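Let me begin by presenting the structure, written as C-alpha cells, before commenting on it.
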Number of protein chains: 2
Amino acid sequence: MRNVTIVHVAERARVSVKTVSRVVNNEPTVTPDLRERVQAAIDQLGYAPNIAARRLGGSRSFLIVAFNDRKLTLENWASDRGNNWIDRMQYGAMLRCDVHGYHLLCELIDLESDQLARRVQHVLSSLRPDGVILTPPNCEDPTVLEALKRAQVPFVRMGSAAAGPGARVRMDDQAAALRLTEHLVEQGHRRIGFVTGSARFLASHAREDGYRKALAAAGLPVDESLLVPGDFTFEGGVAAAEALLSRPDRPTAILAGNDETALAVMHVARRLDIAIPGDLSLATFDDTPSVRLSLPPLTTVRQPVAEMAAQAVDLLVAAAAKDGKLSRADHLLPFELALRASTAPPP
Amino acid sequence: MRNVTIVHVAERARVSVKTVSRVVNNEPTVTPDLRERVQAAIDQLGYAPNIAARRLGGSRSFLIVAFNDRKLTLENWASDRGNNWIDRMQYGAMLRCDVHGYHLLCELIDLESDQLARRVQHVLSSLRPDGVILTPPNCEDPTVLEALKRAQVPFVRMGSAAAGPGARVRMDDQAAALRLTEHLVEQGHRRIGFVTGSARFLASHAREDGYRKALAAAGLPVDESLLVPGDFTFEGGVAAAEALLSRPDRPTAILAGNDETALAVMHVARRLDIAIPGDLSLATFDDTPSVRLSLPPLTTVRQPVAEMAAQAVDLLVAAAAKDGKLSRADHLLPFELALRASTAPPP
DNA sequence: GTCAATTTGTCCTCAAGTGGACAAATATAA
DNA sequence: TTATATTTGTCCACTTGAGGACAAATTGAC
C-alpha cells in the first residue's frame with residue numbers, strides 16, 4: 001500500500017490541501033459542493049488521515065486510554081476476575097470511539113505496584129491521549145487520580161460512587177439495591193440476607209445503603225447478622241453463603257453483591273439441598289450471561305456498562321473538541337430490573 | 001504537565017539529542033557509562049518518547065492492532081458471546097506490549113458488513129500499526145486477510161487451524177480432542193457423543209478429526225448419529241443436548257464443542273434428571289472460569305490463550321524491529337488437560 | 001457595478017522524533 | 001607515535017498533518 005496522504009486527496013479533488021483539511025475536520029466554512037468533491041476523492045483513494053501526524057501537529061490525539069487494573073504477570077491471570085464488566089465497558093467505548101473517529105487503547109496498571117504513578121505518567125506522556133476512562137477500582141485510587149491531575153488529562157470515572165475529580169458516569173447503586181430489596185419485601189420476605197461486595201468498591205457501600213433504606217421504608221428491622229461480607233469472588237461468596245445458610249434461622253432470601261457471589265450462593269444452596277426459589281430467593285447485581293443461563297435464571301439489576309462507557313467517550317470527545325476541559329458533572333444512567341425465576345414468595 | 005522532550009533529556013544528561021535517541025532505541029554503539037547517564041536523566045524527568053513523533057519520523061509505530069469481530073451497535077451486545085477468550089487474548093497481548101514498549105489497540109470489525117474491507121483498510125492506514133493480531137473467526141475471513149495483505153502489515157492469526165498467509169500461533173486442537181476422547185475411552189466409555197463447534201471456526205473441524213482419530217485408534221466405530229452440530233452458543237448446545245440425551249440409547253459421555261455448549265449440556269441433563277458424572281460424563285474445551293466453578297467442575301482442555309497472544313506480540317515486535325517482514329511459521333503451544341469431576345467410568 | 005461577506009488558496013511555522021552522512025573526539029593497537 | 005577503530009556529535013532532511021495570518025477569488029446584496 002503506497003501511502004495515501006492529504007496531498008493526494010487534494011490533487012485528486014483539485015483543491016488545496018487546506019480545503020481537504022477543512023473537510024476532514026468538519027470546519028463549517030466549506031460549501032457543500034466542494035465538501036462533496038473532497039469526500040469523493042477521499043473515498044476513492046481510501047484515504048484516512050495519519051493519526052500520528054494529526055496528533056503531532058494538532059491539539060488532539062484521537063486516542064482514549066482505558067486503564068485496567070491487573071497484575072502485570074501472566075501467572076496472575078487465573079486470579080483475575082473472569083467478569084465481563086471490562087469487556088462490556090470496552091465494547092461500549094469502542095463503539096463510540098469508532099463513531100467519533102477515535103481509538104481506544106487499553107493499558108494495564110497494577111494498583112499495588114510501587115511504580116504505579118510512574119507507569120500512569122509514562123503512558124500518558126507517551127500517548128498523550130485526549131482522555132482517560134477509569135473503572136472500578138482504579139477510579140478511586142488516589143495515586144492514579146493524582147497522576148491524571150498532574151498530567152491535566154480529562155478523565156471520566158465510571159461506576160464510582162465517590163465524589164471526586166473528573167466527570168462521573170454511573171448507575172445509582174443505592175437505588176438499584178433499594179429496588180431489588182423492595183422487590184423481595186413485596187414478595188413477602190422478612191429475613192433477607194445480604195452478601196456485601198468488596199469493600200474496595202464504593203458501589204458495595206451504596207448497595208448496602210439501599211438495602212438498609214428499603215428495609216427501613218418497609219418498617220423492617222435490620223438484623224446485622226444477616227449482613228455478611230463478600231469480596232466479589234466465588235470463593236468469598238461460598239464462605240459467606242455457608243455462614244448464612246447453615247444457621248438454623250437462615251434467611252428466606254439473599255441479595256448477592258454481584259453475579260459471581262450469587263453463583264456461589266447457588267452452589268452452596270444446591271449442596272445443602274436448598275431449592276431456589278422454593279426455599280430461598282436469590283437476587284443479584286450485574287446481569288452477566290451466566291446468571292441469565294443459570295438454573296433458575298437469576299433476578300438481577302442490569303448495569304448499563306456499555307452505555308456508561310459510550311457516554312464516557314462522548315464526554316471526553318466533546319471536551320477534546322472544545323477546549324480540553326471536562327466539567328465535573330455526575331451522570332446517572334438508568335438501570336434495569338430483570339425479574340426472573342430465582343425470586344418468589346417465601347415458603 | 002509541561003512536555004518533556006528528548007531535548008530536555010539531552011540537556012540534563014549533557015549529551016546530544018542523537019545519543020539520547022540511541023539509548024532509547026537500544027542501539028549498540030553507546031558505552032555503558034553514557035547509557036547510564038542518559039537513563040538517569042530519563043528517569044529523573046519522567047521522560048517517555050512521544051509515540052506520534054516516533055511513528056512519524058521513524059519506521060515503527062509501536063502499535064499493534066487486535067481486531068474484534070462484533071456487530072457495530074449497542075443493541076447487538078447481548079448476542080455476543082460472553083466468553084472471555086477475547087479478554088484473555090487481550091491480557092496476554094497487553095502484557096507483552098508493555099514489555100516491548102508497545103501499545104495494543106482493539107478495533108471492532110463486523111465480518112458481515114459490506115464495508116468490511118474499507119473499515120480494515122481505514123484502520124490500518126490511519127494507525128499504521130506495526131502488526132495485527134487476528135482471532136477466530138476473523139483470522140479465516142478472506143476479506144480481512146486480503147485487506148491486510150494489500151496493506152502489507154504483518155499479522156498473526158491466533159487459534160486458526162487453517163494454513164494461510166501470515167504467521168500462526170495456536171494450540172493443536174486435533175491433539176486436544178484426541179487426548180480428551182482418549183481419556184473418556186480409558187474410563188470405559190464406548191458411546192461418546194460429540195456436540196461439534198460452529199462450522200465457521202476451523203478449530204471445530206480439527207476437534208472433530210481428533211475425536212474420530214481417537215475412536216479409530218481404540219478400535220471403536222464412529223456412530224455418526226452421535227455427532228450433533230452445535231454452534232458454540234448456549235441455545236445451540238441445548239438443542240444438541242436434547243437430541244443426544246432424549247434418545248433411548250443415549251451416550252454415556254459427551255464431548256462438548258466449547259464451555260458454553262458444555263454448560264448447555266449440563267442444563268439439559270439436570271432437567272432430564274441425568275446425573276453428571278454418575279449417568280453421563282462430560283468434557284469440554286476452553287476452561288473458562290464458569291466450568292471450573294460449576295457443579296461438578298468440568299474436565300476440559302485449557303487453551304493457552306494469553307500465552308498465544310503474548311507470543312503473537314513477540315513475533316510482531318521482532319518483525320518490526322527487523323525488516324517488517326514476518327515469516328509464515330506455524331507456532332504450536334502446548335495445551336493442558338484439566339481432569340475434573342465431570343468425567344468418570346460409565347454406569 | 002460596487003461593496004461587503006464569504007469561501008478558498010497560499011505560505012509558513014510547528015510538533016518531536018528518526019535516520020543518514022559525515023566530522024570530531026576519544027580509545028586502542030601496532 | 002602513528003594508524004585504526006570506535007564512540008559521540010553536528011547537521012540536515014523528512015514524516016504528515018494542524019493552525020494561523022492573510023491574500024485572492026467568488027458570491028450575494030443593493
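Keep in mind it's a predicted model, so treat the numbers as computed, not measured. In what follows, chains carry the letters A, B, and so on, assigned in the order in which the sequence lines appear, proteins first and then strands, with residues in each chain numbered from 1.
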Inset, instruction - Let me have a per-nucleotide readout for nucleotides 11-24 of chain D, 5' to 3', with B, S or -, counting only protein heavy atoms under 4.0 Å. - result: ----BBBSBB----
Inset, instruction - Could you pull out all residues at least two apart from A:Asp314 that satisfy salt bridge (Lys or Arg N to Asp or Glu O under 4.0 Å)? - result: A:Arg96
Legend entry - d(CG, A:Asp33; C1', C:dT6) in whole Å: 15 Å
Legend entry - Spacing of A:Arg14 atom CZ relative to C:dT8 atom C1', expressed in whole Å: 15 Å
Inset, instruction - Take the protein atom CZ of A:Arg35 and the nucleotide atom C1' of C:dT8, then report the distance between them rounded to whole Å. - result: 13 Å
Legend entry - By side chain to side chain contact (heavy atoms under 4.5 Å, CB included) - contacts of A:Pro304 (at least two apart): A:Met171, A:Glu307, A:Met308, A:Leu333
Inset, instruction - Rounded to the nearest angstrom, tell me the gap between atom CD in A:Glu11 and atom P in C:dT10. - result: 12 Å
Inset, instruction - Give a yes or no answer on whether the side chain of A:Arg12 reaches the backbone of A:Val38 with a donor-acceptor pair at less than 3.5 Å. - result: no
Inset, instruction - State which residues pass side chain to side chain donor-acceptor pair (under 3.5 Å) with A:Thr31; sequence neighbours excluded, sorted by chain then number. - result: none
Legend entry - A:Leu34 CG - D:dT26 C1' separation (whole Å): 11 Å
Legend entry - A:Ala40: side chain to side chain contact (heavy atoms under 4.5 Å, CB included) partners, not counting sequence neighbours: A:Gln44
Inset, instruction - Grab the CG-P distance between B:Asn26 and C:dG17 for me, whole Å please. - result: 16 Å
Inset, instruction - May I ask you to say what B:Val15 touches in the nucleic acid, namely base, sugar-phosphate or nothing, with a heavy-atom cut-off under 4.0 Å? - result: sugar-phosphate
Legend entry - Residues forming a side chain to side chain contact (heavy atoms under 4.5 Å, CB included) with B:Ala320, sequence neighbours excluded: B:Arg60, B:Tyr102, B:Asp130
